[in-house]
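What follows is one structure encoded as C-alpha cells, with my remarks underneath.
Lettering follows sequence order; numbering is per chain, from 1. Hydrogens, waters and symmetry mates play no part in the numbers below; they use all other heavy atoms, side chains included.
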There are 4 protein chains.
Amino acid sequence: MSETAERFEAHSADHQVALQRFEAVRHESEVLTANLTPEDQSIQSMPDVSPTKWHLAHTTWFFETFILSRFDPGYRVFDPAFAYLFNSYYEAAGPRHPRAERGLLSRPSVDVIAAYRDHVAATMARFVQGAPEEAWREAAPLLELGLHHEQQHQELILMDIKHVFSVNPLAPALQAPRLQVRGVAPPLDWLEFAGGLVEIGHRGEAFAFDNETPRHKVWLEPFRLASRPVSCGEYLRFIEGDGYQRPEFWLSDGWATVRQQGWQAPLYWSCEDGEWSVFTLFGRCRLNPDEPVCHVSFYEADAFSKWAGKRLPTEAEWEVAAAGLPTKGNFADSRHFHPLADSAAQSAGEEPILRQMFGDVWEWTASPYVPYPRFRAAAGAVGEYNGKFMCSQMVLRGGAAVTPAGHIRATYRNFFPPSARWVFAGLRLAEDL
Amino acid sequence: MSETAERFEAHSADHQVALQRFEAVRHESEVLTANLTPEDQSIQSMPDVSPTKWHLAHTTWFFETFILSRFDPGYRVFDPAFAYLFNSYYEAAGPRHPRAERGLLSRPSVDVIAAYRDHVAATMARFVQGAPEEAWREAAPLLELGLHHEQQHQELILMDIKHVFSVNPLAPALQAPRLQVRGVAPPLDWLEFAGGLVEIGHRGEAFAFDNETPRHKVWLEPFRLASRPVSCGEYLRFIEGDGYQRPEFWLSDGWATVRQQGWQAPLYWSCEDGEWSVFTLFGRCRLNPDEPVCHVSFYEADAFSKWAGKRLPTEAEWEVAAAGLPTKGNFADSRHFHPLADSAAQSAGEEPILRQMFGDVWEWTASPYVPYPRFRAAAGAVGEYNGKFMCSQMVLRGGAAVTPAGHIRATYRNFFPPSARWVFAGLRLAEDL
Amino acid sequence: MSETAERFEAHSADHQVALQRFEAVRHESEVLTANLTPEDQSIQSMPDVSPTKWHLAHTTWFFETFILSRFDPGYRVFDPAFAYLFNSYYEAAGPRHPRAERGLLSRPSVDVIAAYRDHVAATMARFVQGAPEEAWREAAPLLELGLHHEQQHQELILMDIKHVFSVNPLAPALQAPRLQVRGVAPPLDWLEFAGGLVEIGHRGEAFAFDNETPRHKVWLEPFRLASRPVSCGEYLRFIEGDGYQRPEFWLSDGWATVRQQGWQAPLYWSCEDGEWSVFTLFGRCRLNPDEPVCHVSFYEADAFSKWAGKRLPTEAEWEVAAAGLPTKGNFADSRHFHPLADSAAQSAGEEPILRQMFGDVWEWTASPYVPYPRFRAAAGAVGEYNGKFMCSQMVLRGGAAVTPAGHIRATYRNFFPPSARWVFAGLRLAEDL
Amino acid sequence: MSETAERFEAHSADHQVALQRFEAVRHESEVLTANLTPEDQSIQSMPDVSPTKWHLAHTTWFFETFILSRFDPGYRVFDPAFAYLFNSYYEAAGPRHPRAERGLLSRPSVDVIAAYRDHVAATMARFVQGAPEEAWREAAPLLELGLHHEQQHQELILMDIKHVFSVNPLAPALQAPRLQVRGVAPPLDWLEFAGGLVEIGHRGEAFAFDNETPRHKVWLEPFRLASRPVSCGEYLRFIEGDGYQRPEFWLSDGWATVRQQGWQAPLYWSCEDGEWSVFTLFGRCRLNPDEPVCHVSFYEADAFSKWAGKRLPTEAEWEVAAAGLPTKGNFADSRHFHPLADSAAQSAGEEPILRQMFGDVWEWTASPYVPYPRFRAAAGAVGEYNGKFMCSQMVLRGGAAVTPAGHIRATYRNFFPPSARWVFAGLRLAEDL
C-alpha cells in the first residue's frame with residue numbers, strides 16, 4: 001500500500017464520508033453558477049479565461065478519466081468526444097482542444113454538461129460506496145485530489161466570469177450588490193521575525209498538492225512583515241505619485257508591459273471626473289480606500305513595494321509567519337466575492353498582530369515558482385498537475401475572497417505569470433531587519 | 001418628394017401591404033434560427049463572423065434607428081446601450097462596439113433580444129399603420145431598405161452559423177440531413193454573346209441598392225459563357241492536378257495566401273483515406289461531384305479558371321447574359337441550404353441554355369467592386385450602406401442556396417474580399433470569342 | 001519570328017545601338033547610388049523596401065538569368081547562390097530568399113555586387129555585339145525589357161533609400177539641398193472631355209509592358225479634369241478641416257488604416273510648433289504649399305477628392321486626356337528627386353492647359369489594376385512580370401520626380417496597394433460633366 | 001568616500017595601471033571586429049541581436065555618459081544625437097532608440113563610430129592621467145565597471161555576429177577554420193558535495209557586479225555534480241530518443257516553444273542525409289560528439305536533464321563547487337570561439353575532478369535570476385545595470401568560449417530568458433545524494 005493511500009485512509013476510512021464530501025464540493029460548483037445564463041457560461045473573454053461550462057465539464061472529466069475509467073470496470077464514458085474537449089493540459093491523457101478556442105464551442109450545451117455532471121456524479125456515488133478495497137486505496141487519494149481540483153476551478157469560475165462581465169458594456173453582475181461591510185483599514189504595523197534556519201513545506205497526513213513537498217530547510221535573514229495587506233488608499237497614493245509614469249520603480253519587463261498595455265491603475269479600476277470606481281462581481285461601485293488593493297500584477301506589486309521603500313516577502317518568509325495562524329478569513333463561502341477591510345478592532349496598547357494572511361487577496365511573493373529541493377512529481381498523468389509549470393511564474397500565498405474556505409493552508413503555493421491581473425491578487429510589504 | 005419615395009409609393013401605396021411584408025420577412029429570421037440554442041447564438045468563430053443573436057438585434061436596431069427614432073415622435077428606445085452594441089459600421093450613427101468583439105457579449109441574452117425584436121415589431125406595426133403621409137413618404141423607402149437589409153443578414157446568419165459549427169469537433173447541424181436530391185450535372189456547354197455597346201445597372205421603379213445604379217453603357221468584346229457553374233468533380237481534377245501546388249495558376253496574393261493558410265481544397269472539404277467529404281448545415285457528408293463547387297475564394301476561382309485555360313466573366317458580361325432570365329433557383333426558401341446539381345434534364349438536340357445563374361452558388365466575377373460611373377451614395381447614414389466598401393473587394397453575382405428568394409435580381413452586386421471563403425461562392429467559366 | 005521580336009528589330013536593328021543603351025541605363029544605376037555608403041545600401045527599413053545593393057544585384061540577375069544563361073552557351077554564372085538571393089518573385093525561376101529578409105544579408109558586400117555588375121556587363125557587351133541573329137531575335141526584346149526593368153528599380157532605389165533615411169533620427173540626405181526652384185502653383189482650371197467610345201492601351205512598335213496591351217475600346221461619359229495636381233497648400237486645408245478625423249470622406253478600409261496607423265498627414269510630413277516640414281532626399285525642409293502633394297496613399301487621395309466634392313479620374317479618362325501630350329516634365333534626370341511647382345507661366349486670357357501630367361508625382365486613379373480585355377501575359381518566366389499582381393492594387397499614371405525620363409508614356413500603368421505611401425504619389429481631381 | 005571606491009583604490013591606486021587596462025580592453029574590441037565589413041556591422045538579424053557597430057558605439061557612450069560628461073568639466077560630447085541612439089536601456093539617461101530598430105540605422109557609419117571611439121579614448125586617456133583625486137575616487141569604479149561592461153559586449157558581439165552570419169545562405173565566417181583540436185570527452189564522473197549551511201556571493205575588494213552581492217548564507221542538501229558538461233554525443237542520444245517529441249520531459253512553456261518554433265535540435269545544428277553539422281564562427285562543420293553541447297535553451301537543458309533522470313544544479317550548488325577552482329579554460333582569448341572537448345587526460349585510478357567549470361559553455365542552472373537577500377542596486381543610472389532584469393530569467397554560470405578571459409569568476413551571475421538559444425550555453429548535470 002502506498003504511503004499516500006495510507007495517509008488518506010487514516011482520516012477517511014469511511015467511504016461514506018468521502019461521498020458526502022464529494023457531493024458537497026460538487027454541489028458548491030452548481031450553486032456558484034446558478035445565476036449564470038447559458039450565454040454567460042459560453043464566453044471566453046481572453047485566452048487565459050475559460051467558459052464556465054468548460055470548467056464544469058473539465059472538473060467532471062477529471063473524475064471520469066482518472067477514477068471511473070481506471071477503477072470502475074463497467075464504466076462507459078458519457079461521450080468519447082469529451083476526452084478531447086475537456087482535457088486541460090494533460091499530455092499523457094491524449095490530444096486536446098486548443099485552450100484559446102474554448103470559447104468557440106457552443107456545444108455541448110450547458111444542459112448537456114449538466115447531464116454529464118449528473119451522470120458522472122451518480123456513477124461516482126455508486127463507485128465510492130461499493131469500491132473494492134484495492135481499487136479504493138488507489139482511487140481515494142485521486143478523489144481527494146479531484147475535489148481540491150474542483151475547488152481550484154470554483155475560484156477560476158469566479159475570476160473568469162468577472163473578466164467576462166467586465167468586457168461587456170452592460171456591466172452585468174453575478175449577484176445583487178451586497179450591503180457593504182465597509183470597515184476601516186487598521187493602522188499599518190510591522191511584526192519582526194528572527195529568521196535563521198527554518199523549515200517550510202508540507203508535512204503530515206493531511207492533503208497537500210505535490211508542489212508543497214517535501215518539507216525542507218531554508219536559511220532566512222531577520223525580517224519584518226506588515227500587519228495587513230496594502231490598501232486601495234495606499235495604492236492610490238502610488239498612482240497619484242505618478243507611479244505608473246516613473247520607470248525607476250519597475251522591473252524592465254514590468255515597465256515594458258505598462259507601456260504596451262497602457263496600464264494606469266489595477267485591472268477593473270476606472271476614474272471618471274476624478275472619482276475612482278471598481279468593477280466587482282456585484283457591479284461597478286465606488287472605490288473603498290480601506291479595502292485591500294486587488295487585481296494587481298506581480299509587476300505592480302513589486303513596483304509599489306519599491307516606491308514604498310520596502311520589498312515583497314519571499315514565500316519562505318510568508319510561510320514561516322503564517323505557520324501558526326488559523327486559516328480563517330473572507331473566503332468564497334462568505335459570498336462577498338470581494339476583499340474587505342478588516343473590521344476586527346484592535347484595542348489600544350495591544351500588540352500588533354498579522355491580519356488577513358488568509359482570504360481577501362492572494363499575496364504576491366518575491367519567489368519564482370520552482371520545485372522545492374528533492375521535489376518529486378506525483379506518478380502518472382496527475383504528475384503534470386503542478387511540476388511542469390515551474391518556470392516563469394511567481395508564487396502567491398494565502399487565498400482570496402473567491403477561494404473556497406477549507407481549500408487553503410499555510411503551505412499552499414499558488415502561482416501565476418508576473419503579468420497576470422485577473423487573479424484576486426494584492427500584496428503585503430516586507431523589509432529587512 | 002424624393003424620387004426614391006415616389007418609386008416606392010407607386011408599388012406599395014397601401015401601408016397594409018408594407019406591414020404584411022415587414023412581418024413576413026421578420027418572421028423568416030425567427031424561423032431560420034429556431035433550432036439554435038442560446039449558446040449557438042452567442043459564438044463568434046472568427047472576426048468576419050457575427051453571433052446569430054447579434055444579427056437578430058442589429059437588423060432590429062436598423063428599424064429602430066433609421067425609422068422609429070426619426071419618424072415616430074413618441075418612440076422610446078428599448079435600451080440606450082443597444083445603439084453602441086448593435087451599430088455595425090455606421091460612423092454617422094455614433095461610436096460602436098468593435099466588430100471582432102461581438103462574441104464576447106453574453107448579455108443581452110437571446111431572450112432579451114427576442115423581447116427587443118417584439119418591442120420594435122409591435123411599434124413598427126403601429127407606426128406603419130398610422131404613419132402620417134409626410135413621414136411615410138420618407139420612411140417607406142427606408143422600411144424597404146430595412147427589409148432587404150434583414151434578408152442579407154438572414155444569409156449571413158446561415159453563413160456564420162455554418163462556420164461556427166464547423167470549428168466544433170462535435171460537428172453540430174442546423175437541421176436533420178435532407179433526403180438528398182443528388183441530380184447529375186448536365187454536360188458543360190458554351191453560350192456565345194456578341195458584346196458591343198451594352199447597358200448594365202438598375203433602372204426603374206423596383207427596389208435596388210444604390211450600388212446597382214445608375215444604369216450605364218459598357219463596351220464588351222464578344223465572349224462565351226459556360227452553361228453551368230463549375231462542379232465539385234471538375235474542381236477535384238484541379239486538386240488532383242496539383243492545382244494547389246503550382247504557382248503558375250495563381251495571383252501573387254492568392255499564392256501567398258495558399259502557402260500561409262495551408263489551403264489544399266475549398267473550405268469545409270476534407271479528405272480521409274482518399275474519400276472526400278464536405279461539412280454542410282446538415283452535418284458532414286460525402287462529396288457529390290455533380291454539385292456546384294462552393295466555398296472557394298476569388299483566388300481559387302481565378303486559379304481554377306487559369307488551370308482550365310479559361311477566365312472568369314466580368315460582372316458586365318454576367319449581367320448581360322442574365323438579364324432576360326427568370327430569377328428562379330435553389331434559394332434559402334427551399335431549405336436545402338446547400339448547392340445542388342441541376343436536375344432539369346435537357347433533351348438531346350436542344351440548344352444549350354444558361355442554368356443555375358440564380359441560386360446554388362454566388363459566382364465570383366473578374367470585376368473589382370467599384371462605383372458605377374456617376375454613382376451617388378444615398379443621403380444620410382444609410383449612404384454608408386455600400387459606397388464606402390468599394391475598394392479591395394470583388395463582385396459576385398446571382399445569389400446562393402442560402403439567399404432568400406425574392407432578394408436577388410440580375411443587377412444585384414454582392415462583394416467580398418478575394419480571400420473570403422465562408423461565402424457560399426463558386427464560379428462559372430468564361431472565354432474570349 | 002515572334003511579333004514582339006519583330007517590333008524590336010524594326011527600331012533597333014543595330015546591336016551597337018542596343019549596347020549603347022544598355023551601358024547608359026546601367027551607368028545611371030551607378031550614378032544614382034554613388035553617394036551611398038555600404039551601410040546605407042544594406043538596410044531594409046520595412047518589408048516593402050529593399051536594400052540598394054539588392055536592387056543593384058537583382059537587376060543584374062535579370063540579365064544573367066533571362067539572357068546570358070539562356071542565349072550565351074559559354075556563360076558561367078558569377079555565383080550560383082545568387083539565383084536564390086536575387087530572384088525577386090519569379091516562381092518559374094526557382095526558390096528564393098524571403099522578401100522581408102533582404103535586409104539580413106551583409107554578404108555579398110557592396111564590393112562583390114559591383115564586381116557582379118561588372119562581370120555581367122562585360123559578358124553582356126560581348127554577347128550583344130556577337131550574338132547570332134537567331135538568339136538575338138529572342139534576346140533583344142528581353143534586353144529591352146531588362147532595361148525598362150532596371151529603370152523601374154532606379155525609381156525603387158530612390159523611393160527605398162528615402163524611406164531608409166527617414167527612419168534614422170540623424171535624417172541623412174542623398175545629396176546636398178538644391179537651390180530650390182520654388183515656383184508658384186498656377187490657378188486650378190478644369191478641362192472638359194467629351195468621352196464616348198474611346199480606345200486606350202498600347203499599340204505599335206515601340207516598347208511597352210504587357211499590361212498596357214491590348215489596345216481596346218472603352219465607353220466614357222463626359223468628364224472634366226483638373227489642370228494640375230493637387231498642391232500641398234490645398235491638401236493642408238483638408239488637414240486643417242479635420243480631414244483625418246472625419247470618417248465620412250473615407251473608404252472603410254482607409255478609415256481603419258488611418259486609425260490603426262495614426263495617420264495625420266502624408267508620409268514624411270511633420271508639424272512642429274505649427275510649422276510644417278517635409279523630409280526629402282536632400283534632408284528635411286520647410287513645406288512648400290505650391291508643390292504638388294506627394295506620398296499620399298490611394299485612401300488619402302480618394303478621401304481628399306471626396307472632401308473637395310470631386311473624384312479621382314479613371315485610368316481611361318487619364319489616358320485619353322494624356323494621349324496627345326509630350327512626355328516632358330520633372331523626372332529623375334533633373335536630379336531634383338522632389339515634385340516642384342510648375343514654373344511655366346500662363347498668360348492671361350489663354351486657354352487652360354493640362355500641366356504636369358508627366359513627372360513630379362504619380363497620380364492615383366480610381367481604377368483597380370485588372371487585365372485589359374483579351375490580355376495575354378508574355379510567355380515564360382517574364383510572364384510573371386505583371387499579370388500575377390492584378391488584384392487588390394490601384395493604377396497610377398504619369399511618372400514622378402524619381403522616374404527616369406524616357407521610361408514613361410501615356411499608356412504606362414503603375415500599380416500599388418491602396419495603403420502604399422512611400423511611392424512618390426499624389427493626385428489630380430476629376431468630375432462628371 | 002564610498003566603500004566601492006575604497007575597494008577599487010586599494011588595488012588600482014595608480015592611474016597609469018587603469019589607463020593601460022582601459023587601452024587593452026578597448027583594443028580587444030577592435031581586434032575582434034577587424035574582419036567584419038561595414039555591412040556585417042550593420043545587420044540586426046533578430047530583436048535580441050544588435051549590430052556590431054552599435055555595440056562598439058554603445059560601450060563608448062557608456063564611458064562618455066557616466067564618466068566624461070560627469071567628471072570632465074571641459075568635455076564636449078562627440079555628437080548630441082548619440083545619447084539617443086546608443087543608450088541601451090538606462091531610463092534615467094533619457095529617451096532612446098527602440099532596441100528592435102537598431103538594424104535600421106545605416107548612419108552613423110562604421111567609420112564615424114571608429115572616430116567616436118578614438119575621440120572618447122583620447123579624452124579618457126587625458127582624463128585618467130590627470131583626474132583630480134576627488135573626481136577619480138568616484139570615476140575609477142565607474143571606469144572599472146565600464147571595462148567589464150565592454151567585455152560583456154565583446155561576448156555579445158561574437159554571439160550576435162554568429163547569428164547574423166547564420167541567417168545568410170552564404171554562411172560567412174568570422175575567421176578561417178581552425179585546425180581543430182578534436183580531443184576526446186573524458187568519461188562522465190560524479191563528484192559529491194555535503195551541502196549544509198554554506199555561503200555564496202561576492203566578498204572582498206576585487207571587482208564584482210552588484211548582482212553578485214551581498215555574500216549570504218544558503219542551506220543546501222547533499223548533492224552530486226557531473227565532472228564535465230553534457231557532450232554533443234550525449235545530447236544526440238536525447239534527440240535520437242525522440243526527446244523533442246516527448247512532452248513528458250518538458251516544462252509546459254518549453255513544450256509550447258518546441259511546437260511553435262519547430263525545434264528539433266540545438267540552434268545552429270542541422271542534419272542532412274543523416275549527417276549532423278554545426279554552424280560556427282569559422283563556418284559550418286561536422287558535429288564533434290565529444291564537444292560540450294552548446295546553443296541550447298534552458299528549456300532544452302532542463303528537458304535533457306529529466307530525460308537523463310537527473311536535474312540541473314542550482315546556482316548555489318554550482319558556486320560552492322566552483323569556489324576553489326582556478327578560473328582557467330577555453331575563453332575568447334584562445335580565439336577558438338567554440339567549445340572544445342577537454343584534452344587534458346586523466347590517469348587511471350585518479351580521483352575524478354571537476355572539468356570545464358569555466359569557459360567552453362555557460363551552464364544553465366535551475367535558479368531563476370532573483371536578487372540575493374539584502375541586495376541593493378548601485379546608486380544612479382548604473383543601478384539599472386542588473387537589478388531591473390531580475391524577473392523571468394534563469395542564471396547561467398562559468399563563462400564560455402566567447403567570454404573574455406579575466407571577465408569571469410565563481411560568483412559571476414549571467415542571466416537569459418529560458419528560451420534564449422543564441423547564447424553559448426550548455427549544461428552540467430546534478431543529482432540529489
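Every residue two or more places apart in sequence or in another chain that forms a side chain to side chain contact (heavy atoms under 4.5 Å, CB included) with C:Val320 is listed here: C:Val198, C:Ile200, C:Leu220.
Scanning both residues, C:Ala366 and B:Val370, for their nearest heavy atoms gives O-CG1, 4.4 Å.
Using a 4.5 Å heavy-atom cutoff, the side chains of C:Phe298 and B:Cys391 are in contact.
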Polar contacts chain C-chain B (donor-acceptor, d < 3.5 Å, no H, no angle):
residue  : atom : partner  : partner atom : Å
C:Glu91  : OE2  : B:Trp255 : NE1          : 3.3
C:Pro222 : O    : B:Arg374 : NH2          : 2.8
C:Ser252 : N    : B:Lys388 : O            : 2.7
C:Trp255 : NE1  : B:Glu91  : OE2          : 3.3
C:Arg374 : NH1  : B:Leu433 : O            : 3.3
C:Arg374 : NH2  : B:Pro222 : O            : 2.8
C:Arg374 : NH2  : B:Leu433 : O            : 3.2
C:Lys388 : O    : B:Ser252 : N            : 2.7
C:Leu433 : O    : B:Arg374 : NH1          : 3.3
C:Leu433 : O    : B:Arg374 : NH2          : 3.2

